[in-house]
Every structure is written in C-alpha cells, then in structure tokens.
Asker: 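Below you'll find the structure I mean.
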Amino acid sequence: MKEITIIRGDGIGPEIMTAAVNVINATGVSINWEYQDAGLTAIEKYKDPIPQQTLESVRRNKILFKGPLTTPIGSGFRSVNVALRKEFDLYVNFRPVRSFEGIQSIWHDVDLIIFRENTEEFYSGIEHYIDAAKSAAEAIGIITRFGSERILRYAFEYAKKFGRKKVTIVHKANILKYTSGLFLEVGQTIAKEYPGLEINDRIIDNMSMQLVMNPHQFDVVVTTNMFGDILSDLCSGLVGGLGLAPGANIGNEISMFEAVHGSAPDITGKNLANPAAVILAGAMMLRHIGENNAAERIESAVRKTIKAQKAVTKDLHPSSFVGTKEMAREIIANL
Ligand code: NAD
C-alpha cells in the first residue's frame, strides 16, 4: 500500500480534495492517505501554518497531494505554497495545458506544457520597506546559474524524452539584462546539447500576445518563476479556465501535486468548484508512482464527462450545471 500525504487545503480545498480522493479510490489503487494540516486550518489548530508533523509526513512519504492554500494579500503570513516548494526544493513546476472536447473555449487542440522555475527570483521572499515610513519598498529577485540550468535542462530532457519538437525560453532579458539575461544565456548554452530540438526564445510581453493570438505555435515553454505563474493562468484561460488546469511540483526526492488555481474564496462552500483540475493533478500523481492504468482511466473519465456536458460545474456550462459532488460522481461512473 502506498502512503501519500494529503493536505485538504483552504477555501474550496476540502470540497475538491474529497471529490479527488473519491475518484482515485474508485480506481482501486491501494493508497493510505495520511491527512495533515497546513495553511489556515493549521494556524487555527496549531498556530503554525506549516506544522512540524506535516513536514515530517511529507519527508517520510515523498509524495504530497495538496489542496489550495490561502495567502493573505498585502500583509500577514508568507505563502505556505511557496514555503513548501522551497522547503522540499521542488524546483520544477510542470503545468500541462490541453484542450477538452465539449468546452466552449477560444482555442481548440491546444497541447502545450509550461515548465516554471519554482524556487528562485521574486518568490524568494527577500522583500522589505526601505524605511519606517514605508515610503518605498524593494524586492530582490535572485536568479542563479545553478537554478536556471536545472529547470532548463529538465524541460529540454522532457521534450527529448517525450518527442516534443520545440522549446521556447521565455524571459525579459532586454530590460532585466542580468537576471533574465542569465536565464536566457544558460538556456542558449545548454540548447547546443540538444540538436534534435528547435529551441527559440520570446520576450514575456510578446509571448503573452502570441499565446492569445495563436497558441498552436508553441509546444514546450520554460521560464522563470513569476512569468511562469502568470502564463499558467493565461494558458488555462485558453482552454476553458482554471477549473481544468493541473500541476506538479517536482524535486529530486519529493513531489507535490495540486491544481494551478487557488482557494477561490468567492465560491467556497457552495458546491460550485470544478474538481477536474485537482482530479487531473491526482492522475499526474498516479502516473508518477507508476499507476499508469489508473491515471489513464481517470483522465479519460474526466474527458468523457466534460465532452458530454451533462454533469459539469457552472464554470464549464453556466446555463445547465451540477455541483462539485455530482460532477465527481459522474467521473466515477465514467471510470
Ligand atoms: P483563485 O485561483 O483561487 O481564483 C481565481 C478565479 O477562478 C475565481 O473567480 C475562482 O472562483 C475561480 N476558480 C478557481 N478555481 C476554480 C475551480 N476549481 N472551479 C471553478 N472556479 C474556480 O485565485 P485568487 O482568487 O486570486 O486567490 C485566492 C487565494 O488562493 C489567495 O489566497 C491566493 O494566494 C491563493 N492561491 C493559492 C494557490 C495554491 O494553493 N497553489 C494558487 C493560487 C492562488
């Protein structure tokens, strides 16, 4: 039996994680879910957003299935999501973006992957006001040769292994000549070791426009932390929204699987949240632990459910929809 640490998370977290666990259990895979707390629930229970026993459980099990965690805006405690990625050195954020049949989205047949560097730059938390009057603030975004090399190499290796043709390095090296410039320079240097791949680069602003105008020209995208965060949400919008976007955070020892979206306070507790993103993240997790058959069954059940448009949540079909629980039940019926 595989032991997996699970954090249900804040906001819509408990609703969608319950749905995902029900779907995964329905495949018959043998998993012992070790429930742990982090975020707001952990603060309430232990006065600590990341309790020691949660960290120990993840270190022991090596796999974390995580619901979204709320981060206060502007003040309050720092992001627990960012802290977990740093704590376990989950330097790869792997976010596939694929179209779904049956979805009224602006593009169809999109199939691209975003690799986002997950530990450096503006999310490092080196940020402060310069004086007591808070007259100005500064953030320091550090990009290292080591950090750039490992994410770029991971993306190139992935493209080579899975028969992808093209990798686009996204940066802002025209303005951020040293930080983004270093990332681009490392990418262009390593690219020479991959003659079978077409490796090009785009400046982030142009890239954003090109993705909206014609996403089909892209295959694999690799970029720094903040650009990757923003592009992931943008790309989810191309294919039907955040309710369909799964992700994996991968390190050399530990991996964490979650949806791209956050805790969605605007729809919390209303049985409105689309569970598909986190269910698909669960399928990625199953593939990661070698349960390929269960992963494929889940992915095709999600696709079938979405294509039929009979039991999907409001974000996918605003005029006729079901709740989170009912959509999960339909996915289970389609397994
Ligand atoms: P969000 O992703 O929670 O929500 C953005 C919009 O998408 C909202 O309108 C929401 O209702 C909708 N949405 C999100 N998930 C959905 C789903 N499964 N089904 C249907 N609609 C869905 O982003 P936000 O509102 O900017 O952030 C809310 C909180 O989540 C913040 O505290 C933020 O820091 C946190 N957050 C956490 C993570 C994470 O845990 N990895 C990621 C992003 C944001």
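We're numbering straight along the sequence, starting at 1.
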Asker: Starting from the C-alpha separation in whole Å, work towards a yes-or-no answer on side-chain contact (heavy atoms from CB on, under 4.5 Å) for R303 and F100.
Answerer: CA-CA 7 Å; R303 287 192 170 273; F100 288 81; 3.8 Å; yes
Asker: Kindly compute the distance separating OG1 (T179) from CG (L184), expressed to the nearest 0.5 Å.
Answerer: 11.5 Å
Asker: Is E157 paired with R153 through a side-chain N to carboxylate O contact shorter than 4.0 Å?
Answerer: no
Asker: Please determine whether the number of non-hydrogen atoms from other residues, nucleotides or ligands lying under 6.0 Å from atom NZ of K172 exceeds 12.
Answerer: yes
Asker: Quick one: does any side-chain atom of N271 pair with a main-chain N or O of K325 as donor and acceptor, under 3.5 Å?
Answerer: yes
Asker: Should L242 and D315 be marked as a side-chain contact (heavy atoms from CB on, under 4.5 Å) after you check the CA-CA gap, both sets of side-chain angles, and the distance that decides it?
Answerer: CA-CA 9 Å; L242 281 168; D315 55 315; over 6 Å; no
Asker: Main chain of G147, side chain of T144: is a donor-acceptor contact present, judged purely on distance under 3.5 Å?
Answerer: yes
Asker: With the side chain counted from C-beta on, respond yes when N118 and Y123 share a heavy-atom pair under 4.5 Å apart, and no when they do not.
Answerer: no
Asker: Determine whether I204 and L234 fall in the same hydrophobic cluster, where Ile, Leu, Val, Met, Phe, Trp and Tyr are linked whenever their side-chain heavy atoms lie under 4.5 Å apart.
Answerer: yes
Asker: Within the 4.5 Å heavy-atom criterion, are I63 and H288 side-chain neighbours or not?
Answerer: yes
Asker: Side chains of Q52 and Y46, heavy atoms from C-beta outward: is any pair under 4.5 Å?
Answerer: no
Asker: Nearest 0.5 Å please: distance from the CD1 atom of I7 over to the CG atom of L64.
Answerer: 4.5 Å
Asker: Walk me through it: do Q210 and N206 pass the test side chain to side chain donor-acceptor pair (under 3.5 Å)?
Answerer: CA-CA 6 Å; Q210 301 267 352; N206 176 29; 3.1 Å; yes
Asker: Under a 4.0 Å threshold between the charged nitrogen and the carboxylate oxygen, would R287 count as salt-bridged to E299?
Answerer: yes
Asker: Distance from L272 atom CG to F321 atom CZ, nearest 0.5 Å?
Answerer: 6.0 Å
Asker: Should we say atom NZ of K304 is surrounded by more than 12 heavy atoms from elsewhere, each under 6.0 Å from it?
Answerer: no
Asker: Any chance you could lay out the side-chain contact (heavy atoms from CB on, under 4.5 Å) test for F156 and V220, step after step, and finish with the verdict?
Answerer: CA-CA 9 Å; F156 296 163; V220 173; over 6 Å; no
Asker: Tell me if the CZ atom of R98 is crowded by more than 12 foreign heavy atoms within 6.0 Å.
Answerer: no
Asker: Can you confirm whether T224 sits close enough to H171 that some side-chain heavy atom of one is under 4.5 Å from a side-chain heavy atom of the other?
Answerer: no
Asker: Got a donor-acceptor contact below 3.5 angstrom from the S105 side chain to the G240 backbone?
Answerer: no
Asker: Are I279 and I298 side-chain neighbours, meaning at least one heavy-atom pair lies under 4.5 Å?
Answerer: yes
Asker: Got a salt bridge between E34 and R60, using NZ or NE/NH1/NH2 to carboxylate O under 4.0 Å?
Answerer: yes
Asker: For the backbone of A248 and the side chain of N93, can you confirm whether one donor and one acceptor N or O come within less than 3.5 Å of each other?
Answerer: yes
Asker: When the ring planes of F115 and F94 are compared, do they come out parallel, tilted or perpendicular, using 30° and 60° as the limits?
Answerer: tilted
Asker: Examine distances only and state if a side-chain atom of T119 and a backbone atom of K86 form a donor-acceptor pair shorter than 3.5 Å.
Answerer: no
Asker: Is there a side-chain contact between T268 and S263, using heavy atoms and a 4.5 Å cut-off?
Answerer: no
Asker: Taking atom OH of Y35 as the centre, does the number of heavy atoms from other residues, nucleotides or ligands within less than 6.0 Å exceed 12?
Answerer: yes
Asker: So, E120 and R150, do they make that salt bridge, N to O below 4.0 Å?
Answerer: no
Asker: Okay, side chain of R85, backbone of N249: is any donor-acceptor separation there less than 3.5 Å?
Answerer: no
Asker: Hey, any chance M207 and L238 share a hydrophobic cluster, counting ILVMFWY side chains that come within less than 4.5 Å of each other, even indirectly?
Answerer: yes
Asker: Might you confirm whether atom CD of E101 has over 12 heavy atoms from other residues, nucleotides or ligands at distances under 6.0 Å?
Answerer: no
Asker: Between D219 and K165, does at least one N-O distance fall below 4.0 Å, as a salt bridge requires?
Answerer: no
Asker: Quick one: does any side-chain atom of N214 pair with a main-chain N or O of H216 as donor and acceptor, under 3.5 Å?
Answerer: yes
Asker: Salt bridge or not for D233 and R95, using N-O below 4.0 Å?
Answerer: no
Asker: Indicate, with yes or no, if I289 and V58 share a hydrophobic cluster defined by side-chain heavy-atom contacts under 4.5 Å among Ile, Leu, Val, Met, Phe, Trp and Tyr.
Answerer: no
Asker: Can you tell me if T70 uses its side chain to pair, donor with acceptor, with the backbone of D10 under 3.5 Å?
Answerer: no
Asker: Find the distance between CD1 (I175) and CD1 (I203) and round it off to the nearest 0.5 Å.
Answerer: 8.0 Å
Asker: Are I113 and I151 linked, directly or through other ILVMFWY residues, by side chains that come within less than 4.5 angstrom of each other?
Answerer: yes
Asker: N81 versus E258: any side-chain heavy-atom pair under 4.5 Å?
Answerer: yes
Asker: How long is the straight-line distance from CD1 of I31 back to CD1 of I4, given to the nearest 0.5 Å?
Answerer: 4.0 Å
Asker: Do K2 and M285 have side-chain heavy atoms sitting under 4.5 Å apart?
Answerer: no
Asker: Given the rule that I, L, V, M, F, W and Y join up when any side-chain heavy atoms are under 4.5 Å apart, are F88 and V82 in one cluster?
Answerer: no
Asker: Considering only NZ, NE, NH1 and NH2 on the basic side and carboxylate oxygens on the acidic side, decide whether R145 and E185 come within less than 4.0 Å.
Answerer: yes
Asker: Atom CG in L152, atom OH in Y194: separation rounded to 0.5 Å?
Answerer: 9.5 Å
Asker: Considering residues, nucleotides and ligands other than M213, do more than 12 of their heavy atoms fall under 6.0 Å from its CE?
Answerer: no
Asker: Please assess E193 against K160 for the test salt bridge (charged side-chain N to carboxylate O under 4.0 Å, His left out), listing each intermediate value before the final yes or no.
Answerer: CA-CA 11 Å; E193 297 173 35; K160 192 171 140 187; over 6 Å; no
Asker: Give a yes or no answer on whether the side chain of T71 reaches the backbone of S79 with a donor-acceptor pair at less than 3.5 Å.
Answerer: no
Asker: Walk me through whether L280 and M284 qualify under side-chain contact (heavy atoms from CB on, under 4.5 Å).
Answerer: CA-CA 6 Å; L280 292 168; M284 290 169 78; 5.9 Å; no
Asker: Is the shortest distance from a Lys or Arg side-chain nitrogen in R116 or E121 to a carboxylate oxygen in the other one below 4.0 Å?
Answerer: no
Asker: Compare every heavy atom of I114 with every heavy atom of G228, then report the nearest pair and how far apart it is.
Answerer: O-CG2, 4.4 Å
Asker: Under the 3.5 angstrom rule, does the side chain of T324 hit a backbone N or O of A273 as a donor-acceptor pair?
Answerer: yes
Asker: Which atom names give the shortest non-hydrogen contact between A294 and V29, and what distance separates them?
Answerer: CB-CG1, 3.6 Å
